[in-house]
Structures are given as C-alpha cells and as structure tokens.
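Just below is one structure, and these are the notes that go with it.
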Amino acid sequence: MFPILIKKIGAGLLTTLGVSIVIFVGTNLLPGDAAQIRLGQASTEDSLRALREELGLNLPLYQQYFRWLFNFVQGDFGTSLASGNVTIAQLISDRYENTLIVSSLTAMIGVPISVGLGIIAAMFPGTLYDRILTLGSVTLVAAPEFFTATLMVLFVVFFLGIGNAVVVGSIEDKNLVELITHFILPITTLCLVIAAQLIRMTRAAVLNVMSSPYIEMAILKGIPRRRVVMRHALLNAIGPIVNVVAINLAYVVTGVIVIEVYFGYSGLATLIVQGVQTRDYILIQTLGMIFCATYVILMMIADLSSILSNPRLRHPK
Amino acid sequence: MSKLKKNEDEHYVAPFSAEVSFDELQDAPPSGKFRLSFTGKIGVVVMVFWMFVALFGQFLAPFEENDLPFPDDYSEFQKPRPGAWLGTDVDDRDILSRVMYGAGRTIGISLAGVIIAYVIGVTLGIGSSIAGTRIDLALTQFFNIMLAIPTIMFGLVVVAALGSSIPVLIITAGTIFSPVVFRLSRALGMDIMVMDFVEAAKVRGEGYRWIIFKEIWPNAAMPLISDFGLRFIYVILFVSSLSFLGLGVQPPMADWGSMVRENLGALQYGESVIPILAPAIAIASLTVGINLIVDDVSAHAGGKLSGRL
Amino acid sequence: MDKKVVFEASNLCINAVRDDGSELPIVKEVNFQVREGEVVALIGESGSGKTTIALSALGYCKPGLKISEGSTLLFDQDLSAMNIEELRQIRGEKVAYLAQSAIATFNPALKINEQVTESAVIHGSKTQPEADSFAKGLYGALDLPDPDNIGTRYPHQVSGGQLQRLMAAMALCGEPSLLVLDEPTTALDVTTQIEVLKAFKKVIRERGAAAIYVTHDLAVVAQIADRIVVLYNGDIQEKGSANAVISKPRHPYTRRLMQAVRPLPAAGKKDKENKQPGNVIEINGVSAGYGGDVTSNPKEVILKDINLQLARGEVLGIIGESGSGKSTLARVIAGLLPSFKGDILLDDQKLQPRLEDRPRSELRKIQFVYQMADTAINPKQTIGNILGRPLEFYLNMYGSKRKDRVLELLEMVELPKEFYTRYPHELSGGQKQRINLARALAAEPEVLLCDEVTSALDSIVGANVIELLRGLRKNLGVSFVFISHDLSTVSAFADTIAVMYKGIIAETGTVHQVLSPPSHPYTDLLISSVPELRVGWLEEADRNIQEAKNKLEQGNLT
C-alpha cells in the first residue's frame, strides 16, 4: 500500500510544482514588470535598469522562477507592488485569520450536518424527506453564491433583524453575541452553498453502497437495519464520503472569494481581487499559490481517502 | 390443500401442445421512452423563456440599457412604479430593461464559452483515449495541473493580464472548463475503447476515423450531452461571478453578474433589494431550470447506458 | 412420506412493477413443497423466475417485484403476512441463502469470521465463542484449508472456490432448517465446481437440512437433488423425483433441456467430409505474454512454446480452465497480442505478429467471434450496418448489393429479414450471438476464432448455436478454432482437441485420441470432472478425480 500512497503524494507535489509554473508564467504575462510599476511615471531608463538588476528581472525567466520558488518555500514572498513598501507576508498575516475562521467554521458546521442529511436521505430513498432534500439541493447547487447570499440577507437581516448586510470591523473585543452576528451571514451562506453539493454526493455514495449484493445478503441474513447501515454499509461508504467532503472543502476555497466580496469581508479573497485590480502581480502570485496548494492538498486527501478505505489495499494478500 | 399434498409425490407434467416452441425468452424491454418529470417540464419552460429573452430581449425592452426612465428624478434605487416595473438602479436606470439586455450577454458569453470548452475538451479527450500512452500521459498531466487551479482564480489572473472584454471572457471560460470536459470525455473514451466492439473494429483493420466517429462517438454522445447542460450551468455561474467581482462584463454594459455588484450598495442602506434580487433571480432561475432538465436526462442516460453497455 | 413440510409455495404469483405502474407476471401460479431433509431443485433458463421463487422462501422480493397472489408458508407460517421484524427473525435463523457469486456477497470491509457468525449471534442462538468454534467445525467439514485461522482473513484474501464454501459456512452457521442455494457453483471452473458440490452435498446430508437448489445445469442437479421442478417463463412444466425426471422426462421442454446437455462422446461424431489437404494455420513455437515489452521480453509470459496445426476445413477445439492461456492464444492468432517468439503461418504465409502490420486481405481471412455478444456489437448501430460494414470494408459491396448480402447473412444465421433495421437491444441474447457470428461470416473468412461463444448463453440456446455452426461448417467449408472451458461442447463440435494447462499444450490429437483414454492427467481430471447426467455420478467420479489430481500434483506431466 505504501508505494501507492507515496506515488499519490508525489503526484500531488508534482501538480503543485506544475501549478507554480503556470502561475508564475501567467502573472509574468501581465503588462509591465515590477520595476516599471514601482517607479511609475518617475522612471528613467537608468533607474529602471538599476531596479531590474536589483530585483533580478534581467535574468532569464527560468532563473527568475527558481529564485521565486526558492524564496517562496522559505516564506519570503516579496514586497507588494501596489501598497508601498509593505511585504506580502505582512498583508497576508493581517487578513488570513478572517478567511481561516470563516472556512473552518463552515467546514465544522456545514460538513457534519450535510453528510448526516445525505446519509439519512440514502437510508430512506424515495420518501418525502428524501424528495424534498433532493429537490432542495438540486435547486441550491445550481444557484450562484450571491443569490444564496441575497436570500440570506433578506432572511437574516431584514426578517430576523440580526447582524448587518456588510460584515465590518475586527473580531477582537467582541462578545459571543456580537461574534455570532458578525459571522452569521458569510458562514450560513457558505454552508448552504456546499451543503447542496455535499448532500447530493453523500446520498449518491451511500446509495451506491446500499445497492451492492453484500447489503442484500446482510438483509437476507436477518441483520437488523441499524446494523446493516452502521456496520455493513457505512464502513464501505466512509472512503467515498471523505472523498466527497474533501472535494467540497476545495470548493469552499473558491466559494469564499465571492462571499467575501459580497459581504465586504476583508480576508485573503478580497485581497486577491484587490491585487488583480491594482495589478499587484507579486501579491497575485503568492495568494494564487496559497489557494492552489490548499486545493491540491484537499484533492490529494480525497484521493488518499479512497485508497485507504479500500480493504484490498489495506490488507494485501 | 389435500389435493396439493397428494400431487407432491406424483410426477406432475404441465399440459402442453406440440406447437409451443419454448423459444428463448426476450430480455426485459428497455425502460420506456425518455419522459420529462414534472420538475423537468418546469425546467424546460424556464429555459425556453430565458432563451427567448436572450434573443429578443433588447428589442422588447421598454428602455435602452443605459436610458434613464425618469430623467428629472435623481434619487437612486426607486421602488417599482409604472414605467419602471422593477424600479431603478444605482444610476437611475430601468432594472427591467437591464435584465432583458443582460440576458443576451450572460447567456451568449456562457454558451460560446461552454462550446469552446467542449470543442477543446472532447477533441483532446477522445483523442487522448485512443492515442498512445505517451501523448495520453502528457495531456492528462497537463490538464490535471489546469484542474488544480480554482476556476475563479484562473479567471482573475487571465482577466488581469489581458483586460476584460467579451472575447476574452469567452475564451477564458472555454479554456478554464476544457480540463473537466477533457477528463470526462477521456474517461468515457477509455471505457468504450475497452469494449469488445471497438476491439472487433480494430481486428477488422478499421482506421482511427471509423473507430472515433462510428464506434466511440455514438456511445459517448448521450452522457456528454447531459454533461454539457451541467457544464453550461457552471460557466454561467463562473461568468456571473467574474462580473460580480468587477472583472467580467464592464460597465456601462448590462450583465446579470455586474448588476448585482453595481447595486450592492442598496443592500447596505436597506433601501430596496430588488436591484440585487432581480438579476440574481434571473441567473438562479435559469441555472436551476437547466439543472432540473439535466437531472432527468442524466437519470435516463445513466440507466440506459449501464443497461446496454 | 410423512416427513414434515418445511416450505410450501401455493398458487404463488409474482409480478414485476414497471416504471409506469403496469405489472408484468414473472411467476405464475407456482405450487411446490420442500420437506425435511430434502433437496428440491428449481431448474430453468434465464427468465424462468427460478431465483425469484427461491427468494420468496425468505419472504424477500427483489426491488421492483411483488407477490400478487398466493402464499409462501415456512413451517405453516405465512411469510407474506409477516412484518419486517418477524421476517428478520426467521432470515438466517430458519432459512438461509447462498448466492451465486460469493465474491460479491461477502462484505469486502469485514473479516470472514464476523460475517459467518454474525447472523447466529444476532439471533441469539449462539454466543460469539460458541459461534466461533461452530464455524471452525464447519470450515473443517467444508474441506477448507487452515480452519482455525481462515476466519481471520478478509474475503479478498482467499480464492474464489474457498469463498464459495465459506458462504456455505455463513449460511449453515445459524443451523437453518431450509437452505436456499442460488446457482452456487455456476461461476466456478469444472474441477473446482466438483469440490464445492461435494462439500455442499456432504453438509446438507449430514445436517439433514432441507434445501432449494436453483440452477440451469441439469447435470449438477442430478448429483444433488431429490426432486426437480422444471420452470419455463414463470410456469412449472414438470415436477417429480430426480430419478423420474432425469430418466423419463415427459414434458417436451424438459427433453429439450436434456438434449442440450451433450453426453461426452467417447468417440465423437465426425464430420470428416469437409477435410481438405494442407493446413490453414500453423503455429510454430509461439510464446507470448503481457506487461513490459510484449514484442521481445514481456514481464509475465502466458503462452510457452505453442505448436498447433489447423487443417483446412477442420475444427480445432482448445480447452482449458480460466488462466490456462486459451483466450490469449486466440488473441495472438488475431494479432491483438503480438507474440515475442515463434511464428504463425496462414496459408503457408508468415503472419506479422502485430495486427497493425497485417494487410487487409489477411485480416479478412481470420475473423474473431467474441464471447459476449452484448459487448461485441455496437449498441448504437443497426443490424444492417453492423453486418454491412465488413462487406464494404473487405469486399467493396455497397448499396443494394450490400443490402442483399446482409439479408442473405441473416438468413444464413436463421434470423428474420426484419432485423435489418433493428438495434441490438431489441434482440435476445441468442439472437445477438447470431449477429456476432454473421458479422464474422460477412468477411468470408477462412478461419473463425470462436472464443467461448456459447458459454454466456442458456444451454438450449447454446446448443442451437452449435447446431448452426455445424451447418455453416458443412456449407461454407470454414475452418474453426473453437475455444471453450466446456469439454462436452468442444468434443461435440471439434475434430481435433488441444488441452491447455498453465500456458502450454498439455495434450493434442483427434477427439478420439484425447478422450479415450485420456493420457495426460490434466485431461483425465477435466474429463472426470464434467458432471454426467445421471444420479449417483458424483460418488463414482470422486475416486477418478482424486487419482487424476494426485498424478497432476506429482508433476507427472508427460
């Protein structure tokens, strides 16, 4: 089994490396280089050349890439082009907490509920509960994030009168109630967005296992329904479910971009939109790598979980 | 009862006639023709409605997209009233007209994008499934890397580099969604490639053209069509999200995603949600409608395919 | 006579409920009883409803089916009146089920012992330690290796034949009064089948359990059943003691079933009239394998130094069990798998090892007929196009000429002309196999490579296909390489036989030479393992089988 795991992890690393090349080359296609942007209107031929030399921009592209990658791995992300002399690390450390809190709370609240609902739907296929849930998730899965967000604002802010349509301010020195009103909108919206997909996919994964011959055999052996589901079905469905969860958490990475902008919430996602608008490509490179690496890692977990859950691989002959 | 018991030890022979031939029993007939469910029919109605608006909306709209229905009234976010049935937006323009103008743009860009994604993805995917291992490996690796970049991220960087225009949006959407299509059509191609009928064609000595177009394609078409619908939804969501982030269709052109962005302020002041809700509902109803159809089609295609192949 | 009735189906009707709510009868007014210590066989081909009836003894209907009338009584208790909980109490405890494929019915994530003992422990008839030691006893009784430890393994860690026997242990662990066995030996090789059959028979006899044995194989039934129920299309055709039904079948359908089971010809019937001088195919010292560089040095060598000749107009039967390399040989001849050593001559001309390097005229002469017609013909093409393509491709026939020829081909394989515009899914399994055959014939080949062409078919349908092949051979003078795991099918059709064993030709010669008396111990083992259609064969055969096995194990391969 270990060779397969190592192979998968290696493939993940290679993919990340490939992504880094795409991001580096892609951002280098942006008009203007760092020296031009930094010096702006005041640039002269000489000053440009001097700065380019200092930044290593006169080197061939592949050398620049390795330099960048080397620095990146060591945690040296460079200096922002748009925000004066602030380092990227500084910009990120101001914001990353906010994004981390929203995504991890979404994962902690949304995932167990959705997976639970999906499993229950699969246990009673064709019932009213199942149909409502399926129709609900078919609807939500196709709706854009800002539609869900708008509905949430209508419901939470205008109807329940909790919180504000715009999430502002820091979370320090806030009490529990204030914290809840602070996070309720982005988190409930994100939860709804991933729940739709998660319920559908969990249901399909469990139903797939429930229709296998060994489940029929367990029923014909007179095993109580609870045990059939908990011992026979779930044990085999864990792999697919973890896979589904990882795929959907990876989706949070992109979903969070729209949600942060919608609620004016200052996290990493709004930072990257800012970077694009100000053409701060060093910022884009760094954040792009962070987002992509997270995504790759989650996908890798998805992959590994389906390998680990296969008894043939866990217990070789 | 007693009669039955007695029979049990006797040698029982059912009555028969010489004509009955006891032919091989036919397999159960394939489950009936494709029928839309109730929700699927709703989906069709919604989709046809929006396609109509996309094609003719700009001719039927009460105002041009940047006209002001009430030039003398400078207050923004007006409540719906005669003349402006959905009210006005942040710049006093008629929301109804802008939704109708935006339909063509949002749907048109997405449709063009998904078609490009399909042309690239299906050609390379099916090609890769029958090409040698090396080409297949290289293409798969390349598209795997593309897949590892979240779509919105990818879009943000491309638009930042090339600036935002409708052709750029279409090509970007097409490029971003081609890896998924590639992966699907390659998997489909691989599944069909190992079927005996493809091998039979190879043993006959058929060339690639025949194998691709006559053996693989007819069997891959149905699942690809149902995926096309699904992919179309994702492209609509992608294009709208990009516009929502300010990097898609640029003002003053109307587009559903950018309309939400422009009017986000309305939410803040709690004046009216219609400027946001109208375009958001437009997108949601279209994508949900398509999804309802896709659900029906894929259930049908899935059942049939597994039954036959 | 006064034995207790364990199970009784009276006037049982089961319907399939379609999507649109309409119902289709699957089982029609079936009556039969199973009494204590008795094995009742339900015999029929696919679509006869035999599995559906058997499952009703557990109070179970597959999804989409429902009992519409009649009753099923287990010890005078009506199963259809029971609720889920009451059914759960009797399932596994009073009546246990053995499925066709043990590989699919064992949960891959749980250890074998847990699955074997689970039912008994849950029903409370045994404590876990009691059940464990009981299970170990069963493993021993079923001739499983290492009875003390085999339960600690996972299902994928034991062989298919062993798993099939472990499934029997699973069913027997709760000491049920009634066993339902659904084709439990069908998926196994002949030599394994005999062992499993023997083990089943032994435990059923020893424990005095009653059993319902579902199968399509009359010869197997003759070994194990006390009484036989013959089913066709959900109806009982004939019912009586095993001896009576097998020795004096009265219903025409039963007789047809019996005819389809061909006796082993000590000296096969010969169709010598077609033999012409010379060889169509000569295989000289061919070796081939998979993995790595197949054209020079494959990782896994499957075929080792094969020498064979196919005389013009003859049928060369190739027989062997799964893994013997017989299908690989067909693929090598067809060029799908290039050999790395030796060569193949077609009409005394050397064939290129790779398919891609062979000219179209050579490809035309060798046609491959696949086992599974379901996957071998493209579901999206009409029959007209499926049969028309080789005509265009090899013979440049187009338009009306092509159509006329396709209709001729349909007639040749005894199918109606209307099939020209039909799609494969509108045809039955046997009809699809005929199309599969007609497509190969369309090329006007010299050699047909038939790979297990009848093994996916019901016995009567398969027998009809063999009849058809016989006729074609007489009329067309085609030569055949006929590959099968079924010795009786091969010996009924072939002129010469090659027995393959672990990638080599163990024995070759005319049917007569190979079969009587078999000189190679493996051939001997194969022949003695084919069940004969008479009661009591299993006991007699046992000694021969053991002898052959011992010889084979001693490495006496010459």
Side-chain angles (χ1 to χ4, degrees), chain B residues 1 3-33 35 37 191-192 194-208 210-211 214-222 299-300 303-305 307-309, chain C residues 1 5 8 10 16 18-20 24 31-33 35 45-48 232-233 235-241 244-245 248 250-253 256 334-336 355 358 360 363-364 367-368 370-372 374-381 389-390 393-394 424-425 428-431 439 443 458 460-461:
Chain B
M1 255 328 173
K3 192 173 145 247
L4 269 173
K5 281 222 168 91
K6 215 175 86 200
N7 260 352
E8 208 50 34
D9 282 307
E10 273 172 16
H11 194 147
Y12 164 84
V13 181
F16 55 87
S17 66
E19 291 94 67
V20 180
S21 59
F22 300 105
D23 280 337
E24 187 186 8
L25 296 167
Q26 209 79 13
D27 294 347
S31 63
K33 284 216 151 137
R35 281 216 321 257
S37 63
D191 281 356
I192 301 169
V194 298
M195 306 295 289
D196 287 343
F197 61 80
V198 176
E199 200 178 271
K202 280 194 212 155
V203 177
R204 200 187 305 140
E206 299 281 4
Y208 282 133
W210 174 274
I211 290 177
K214 299 287 180 170
E215 307 285 350
I216 296 182
W217 176 249
N219 289 290
M222 194 60 186
H300 180 74
K304 217 167 200 171
L305 208 78
R308 280 205 212 158
L309 288 182
Chain C
M1 184 64 229
V5 175
E8 176 169 355
S10 47
R18 296 217 209 121
D19 287 346
D20 56 5
L24 193 76
N31 294 294
F32 72 97
Q33 287 181 347
R35 285 167 300 190
E45 311 207 280
S46 42
S48 62
Y232 174 79
N233 202 9
D235 254 333
I236 292 185
Q237 306 299 326
E238 184 161 358
K239 181 167 76 169
S241 74
V245 173
K248 292 189 224 56
R250 293 204 216 142
H251 197 278
Y253 182 67
R256 282 188 55 180
L336 280 163
L355 179 70
R358 297 184 184 174
R360 202 178 280 194
L363 291 172
R364 182 185 66 77
Q367 289 291 313
F368 202 102
Y370 287 85
Q371 171 180 4
M372 305 289 292
D374 272 328
T375 56
I377 53 185
N378 191 333
K380 300 283 176 178
Q381 289 176 7
R389 180 60 188 172
F393 190 78
Y394 292 125
H425 67 88
S428 71
Q431 290 167 339
R439 179 177 60 186
D458 281 331
I460 293 181
V461 182

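The chains referred to below are lettered A, B, ... by the order of the sequence lines, with proteins before strands, and numbering in each begins at 1.
In terms of heavy atoms, V203(B) sits closest to L363(C) at O-CD2, 3.6 Å. In plain terms, the two heavy atoms of A14(B) and H251(C) that are nearest each other are O-CD2, 3.3 Å. For the pair T375(C) and M195(B), the tightest heavy-atom approach, listed with the atom from each and the gap, is CG2-CE, 3.8 Å. Considering all non-hydrogen atoms of both residues, H11(B) and K248(C) come closest at CE1-O, 3.8 Å. The two residues I236(C) and Y12(B) come nearest to each other via the heavy atoms CG2-CE2, 3.8 Å.
Atom CG of N378(C) sits about 10.0 Å away from atom CD1 of I216(B), to the nearest 0.5 Å. In this structure, I192(B) CD1 and K380(C) NZ are separated by 9.0 Å, a value rounded to the nearest 0.5 Å. Rounding to the nearest 0.5 angstrom, the gap separating the CZ atom in F197(B) from the CE atom in M372(C) is 13.5 Å.
When heavy atoms are compared at a cutoff of 4.5 Å, D458(C) does not approach chain B at all. If you measure heavy-atom distances from I377(C) to chain B, the contacts under 4.5 Å come from the backbone alone. Looking at Q367(C), there are no atoms closer than 4.5 Å to chain B (heavy atoms on both sides), in backbone or side chain.
Chosen from K202(B), E199(B), E215(B), the residue pairing most often with chain C at heavy-atom distances under 4.5 Å is E199(B). Ranking G240(C), A376(C), A244(C) against chain B, the residue ahead of the rest is A376(C), based on heavy-atom pairs under 4.5 Å. Ranking F393(C), F368(C), Y253(C) against chain B, the residue ahead of the rest is F393(C), based on heavy-atom pairs under 4.5 Å.
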- Please report the C-alpha distance between R389(C) and E206(B) in whole Å, then the side-chain angles of each, then the deciding distance to 0.1 Å, and finally whether the side chain to side chain contact (heavy atoms under 4.5 Å, CB included) criterion is met. CA-CA 10 Å; R389(C) 180 60 188 172; E206(B) 299 281 4; 2.6 Å; yes
- Could you check R364(C) against R204(B) for side chain to side chain contact (heavy atoms under 4.5 Å, CB included), going step by step and ending with a plain yes or no? CA-CA 7 Å; R364(C) 182 185 66 77; R204(B) 200 187 305 140; over 6 Å; no
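The backbone N or O of P15(B) lies less than 3.5 Å from no partner atom in the side chain of Q237(C), so there is not a single donor-acceptor pair.
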